Amino acid sequence: MQRAAELLRSATKAVVIGHIRPDADAIGSIGGMIIGLEKLGIPCQGLIGQTTPIPDNMLSIPRAETISCTETLPEADLVVIVDCGSIDRTGALAQQVAAHPNTLVLDHHASNTGFGNHNVVAKVESTTSLIAELFEEMGIELDVELAHALYAGLVTDTGSFRWGTSRMHLLAAKLMDTGLNVRIIGEELMDNTTVRDTRRIGAVLANLRTYTVGDIKVGVLVANHGVISTCSDAAVESLVDAVRALDGVELGVVLKENDPDIWSVSLRSTSMNVANIAVKLGGGGHIPAAGYTARGDRDRVLKELLANL
Ligand code: 5GP
Ligand code: MN
């Protein structure tokens, strides 16, 4: 942490990169880093290594609107990578990041490979929790904008404070005391949806299938490309909550066809280590929540997953 603080303080121009297909912890971590470095007078550009824009619901996070979705790494003397368990999560920027001599990884994934020149990987609820701790050590003061960005990662990565240690509540209290309107933040990030999306998501839920492998029961939801390209990202991401804790089902799976025959696979379990399964299939994540990318038609992707349990 001390080394990380020194690196941040001595930067003259920084970039901060979050993972592709960003969630609120990635965007909140980028927003938080930008605001923290602004307070030190250090210019910092936020980046996501993809050309697809950031999901609408995340634009409510401070500085999200300034993040550039790009395949080119701008010149900088420090590259901070947040919420990425492995370098491929920086997407189109991966090779340029690998070649940079001064990279700092701030992350909380169990599967983190330590791919930076400097790595701070902590077992905490969110990457924004780690950044909050780092900023506190550095004497960077919280204000309502910084607190908003950090809270966004905390509230979503803890499933709205349903998992994590008491530390998450202590941090939430500190953040709320800056004057956050947590009700509006939660609505903007997680609840806002449309009648059309709700009906489409309902159709996906109605097609829930279960499979049995040995003594493991698996629940699977499939959002094909038609669904993905017509529903908001937030609506699609909400699907995983429906398979997280199905009675009698050990493993919940959501297959999301982001491009034809290219699938983001989300794994959730309360009894199995899904990070291990995801790593085996080229992805990563946390013990109860992990994911990977797969190619092929739906049946092939499902068969490959079931064969690897
Ligand atoms: P989600 O299912 O919500 O997309 O992701 C759950 C967890 O798995 C997150 O911590 C996320 O970072 C990780 N994850 C999801 N997809 C991938 C992937 O394609 N590669 C890696 N390395 N991790 C992933
Ligand atoms: Mn995270």
Side-chain angles (χ1 to χ4, degrees), residues 16-33 48-50 55 57-58 61 81-92 94 105-115 120-132 149-160 163-164 168 171 189-190 220-221 223 228 233-244 251-259 262-269 272-295 301 304-305:
V16 54
I17 304 173
H19 61 78
I20 49 167
R21 274 177 273 109
D23 60 8
D25 195 25
I27 299 297
S29 295
I30 297 175
M33 284 302 301
I48 301 286
Q50 65 185 28
N57 61 318
M58 296 205 194
I61 299 172
I81 302 113
V82 291
D83 205 37
C84 294
S86 52
I87 196 160
D88 56 290
R89 302 283 285 154
T90 63
V105 170
L106 302 175
D107 187 36
H108 71 130
H109 288 95
S111 61
N112 193 293
T113 56
F115 60 90
V120 183
V121 181
K123 206 177 156 191
V124 289
E125 283 76 12
S126 64
T127 300
T128 61
S129 303
L130 175 59
I131 293 170
L150 300 179
Y151 183 85
L154 181 65
V155 68
T156 53
D157 267 24
T158 58
S160 303
W163 48 86
M168 69 187 175
L171 176 57
L189 269 182
M190 296 173 281
V220 180
L221 289 173
I228 300 282
D233 294 294
V236 172
E237 289 314 311
S238 74
L239 281 170
V240 80
D241 286 323
V243 292
R244 196 185 294 286
L251 174 63
V253 179
V254 182
L255 303 180
K256 294 167 279 186
E257 193 178 19
N258 289 321
D259 291 298
I262 301 182
W263 301 79
S264 266
V265 184
S266 290
L267 307 176
R268 297 292 186 274
S269 180
M272 296 170 68
N273 179 340
V274 294
N276 278 347
I277 302 170
V279 167
K280 219 168 147 183
L281 289 159
H286 310 281
I287 289 166
Y292 64 96
T293 303
R295 277 158 206 278
V301 171
E304 178 188 53
L305 170 63

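Bear in mind that the values here come from a model prediction, so they are computed numbers and not experimental data. Numbering of ligands and ligand atoms starts at 1, following listing order.
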### Query
So between G291, A278, A110, S266, whose heavy atom ends up nearest atom 16 (N) of ligand 1?
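When every heavy atom of G291, A278, A110, S266 is considered, G291 comes closest to atom 16 (N) of ligand 1.
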
### Query
Hey, looking at atom 5 (O) of ligand 1, which of H108, H286, R268 has the closest heavy atom?
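Nearest heavy atom to atom 5 (O) of ligand 1 lies in R268.
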
Side-chain donor or acceptor of [X] paired with backbone N/O of [Y] under 3.5 Å:
X: H108; Y: V124; answer: yes
X: D259; Y: I262; answer: no
X: W163; Y: E125; answer: no
X: D107; Y: T127; answer: no

#### Entry: Matching residue for I30 among I48, T128, I17 - test: side-chain contact (heavy atoms from CB on, under 4.5 Å)
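Among the candidates, only I48 passes.
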
#### Entry: Numbered atoms and elements of ligand 1 in range of G285, under 4.0 angstrom, heavy atoms
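Near G285, the atoms of ligand 1 are 8 (O), 13 (C).
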
Min side-chain heavy-atom separation [X]-[Y] under 4.5 Å:
X: L154; Y: M168; answer: yes
X: N258; Y: T293; answer: no
X: N276; Y: K280; answer: no
X: L305; Y: V253; answer: yes

For [X], state whether at least one heavy atom is located under 4.0 Å from any atom of ligand 1.
X: H19; result: no
X: A289; result: yes
X: V240; result: no
X: A290; result: yes

Tell me, which protein residue and heavy-atom name are nearest [atom], and how many Å apart are they?
atom: atom 13 (C) of ligand 1; answer: G284 O, 3.4 Å
atom: atom 19 (O) of ligand 1; answer: T293 OG1, 3.2 Å
atom: atom 11 (C) of ligand 1; answer: R89 NH2, 3.6 Å

Of the side chain and backbone of [X], name the one, both, or neither that has a heavy atom under 4.0 Å from an atom of ligand 1.
X: R21; answer: neither
X: H109; answer: side chain
X: S86; answer: side chain

#### Entry: Geometry at the Mn ion (ligand 2) - D157 OD2 versus D25 OD2 angle, rounded to 10 degrees
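OD2 of D25 and OD2 of D157 make an angle of 80° at the Mn ion (ligand 2), to the nearest 10°.
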
### Query
How wide is the angle at the Mn ion (ligand 2) between OD1 in D83 and NE2 in H108, to the nearest 10°?
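Between OD1 of D83 and NE2 of H108, at the Mn ion (ligand 2), the angle is about 90°.
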
### Query
Rounded to the nearest 0.5 Å, how far does CG of L189 lie from CD1 of I27?
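Between atom CD1 of I27 and atom CG of L189 there are 10.5 Å.
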
